[in-house]
Number of protein chains: 2
Amino acid sequence: MAQPLRIGKAAKATGLTVDTIRFYQKAGLLKPPARSAGGYRVFTGIEIDELQFIRKAQDLGFSLAEIKELMHLRGQNGQACPEVREIIKRRLATVRAKINALQHLEAELGQALRTCSRAIRAGAHGEPCPVIEQIQSTKKRSRHDH
Amino acid sequence: MAQPLRIGKAAKATGLTVDTIRFYQKAGLLKPPARSAGGYRVFTGIEIDELQFIRKAQDLGFSLAEIKELMHLRGQNGQACPEVREIIKRRLATVRAKINALQHLEAELGQALRTCSRAIRAGAHGEPCPVIEQIQSTKKRSRHDH
DNA sequence: CTTGACTCTGGAGTGTACTCCAGGGTTTAG
DNA sequence: CTAAACCCTGGAGTACACTCCAGAGTCAAG
């Protein structure tokens, strides 16, 4: 299966940049990877997985500090000691709270969408729609739209 | 019902700081509020609601730029024009994607928790548990823990 | 053995979202 | 009328998460 990659390929494989990967290493999110004879970082499949996990957790709104913790939990999946279980419990609670809040927002947005569709069907052309100007500025892409 | 508040009370009512509220105003998230004779900002119930909405949306991982957009949508709930409906649709899609990803994470954490509990019941004392050191640094509180 | 693509380190710079003054004016309780 | 508590503006400072160099070394192809 997948042979070890150097940082450039690892970056392409994960959708991160080489700078970001090096930054994550400095920040202690990755254990220092092996080096080739010439001093190049060498990433194995496991390390690629870890990078992808970081990216995913980040999209979910976790800070790097939190992700660092999550990585530990992930690494020693159920490897005893009650303190670890407590951390997992706390994380689980915050994740559930987040899901809940997002479901509320989903309901609100869904409601707005229906009201909006109904208005369009009814042919409401009265209002000036001051949002159009806002739409323009929406077109700038965000960090994750590669 | 609730009479208008000055910035200090508004801050207490929303859990924000006065500086943050002023910052949101500068950033264009709030339309400039009315002023008292002495030049003080005066916040009505509607504006308090808006501030609470900002806080909530932020906890859900929306950027201030996105929240600005959401505020517009919220303000003219279903007030026609298809472009608005498209924005809502896009938002709804990203919110749903986020919920999905978080539910995955929830499952993973739940799995880890069960494995962990089982290990503790079985009395697994072998591993050195390198996470304890991590627990210490977990004790610093985050921005929203007032 | 040179050229070009790739990588290294250390450090400076950027964008977002606040957070904290300084130096002033306003309001209210006593 | 004064002191304490509150508010004003403009601007500097901070934390986080990158992002971008400069100057130098490595390596595969021709």
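Note on naming: letters A, B, ... go to the chains in the order of the sequence lines (proteins, then strands), and numbering restarts at 1 for each one.
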*asked:* Nearest heavy atom decides the nucleotide; on that basis, is Thr17(B) or Arg6(B) closer to the 5' end of DNA chain C?
replied: Thr17(B)

*Taking all heavy atoms of Gly8(B) and all of Val18(B), pick out the closest pair and write down the distance.*
CA-CG1, 3.8 Å

_Between P of dG10(C) and CG of Asp19(A), the distance in whole Å_ = 14 Å

*Between P of dG15(C) and CD of Glu66(B), the distance in whole Å*: 18 Å

*Would you please confirm or rule out a distance under 4.0 Å between OP1 or OP2 of dC18(C) and any side-chain N or O of Tyr24(B)?*
yes

*asked:* Just the rounded figure in Å: distance from P of dA12(C) to NZ of Lys26(A).
replied: 12 Å

*asked:* Give me the atom names and distance for the closest heavy-atom approach of Arg41(A) to Phe43(A).
replied: CB-CE1, 3.6 Å

*For the student: nearest non-hydrogen atoms of Met71(A) and Ile54(A), plus distance*: SD-CG1, 3.9 Å

*Calculate the interatomic distance between Gln25(B) atom CD and dG10(D) atom C1'; express it in whole Å.*
14 Å

*Answer yes or no: does a side-chain N or O of Arg22(B) lie under 4.0 Å from OP1 or OP2 of dC8(D)?*
yes

*Specify the residues of residues 28-41 of chain A, ordered by number, for which at least one heavy atom lies under 4.0 angstrom from an atom of DNA chain D.*
Gly38(A), Tyr40(A)

*Rounded to the nearest Å, what distance is computed from the CZ atom of residue Phe23(B) to the P atom of nucleotide dC8(D)?*
17 Å

_With a 3.5 Å distance limit and no angle check, can you tell me whether Glu106(B) reaches the backbone of Ile99(A) through a side-chain donor-acceptor pair?_
no

*For residues Leu92(B) and Gly110(A), report the shortest heavy-atom separation together with the two atoms involved.*
CD1-N, 4.0 Å

*Pairwise side-chain hydrogen bond (donor to acceptor under 3.5 Å, both in side chains) hits with a residue in residues 13-23 of chain A, at least two apart*: Thr17(A)-Thr20(A)

*CD1 of Ile7(A) versus C1' of dT19(D): gap in Å, rounded?*
14 Å

*asked:* Rounded to whole Å, how long is the line connecting atom CZ of Phe43(B) with atom P of dC8(D)?
replied: 7 Å

_For Ala57(A) versus Ile67(A), what's the shortest heavy-atom pair and its separation?_
CB-CG1, 3.8 Å

*asked:* Without decimals, in angstroms, what is the distance between Leu16(A) CG and dC18(D) P?
replied: 8 Å

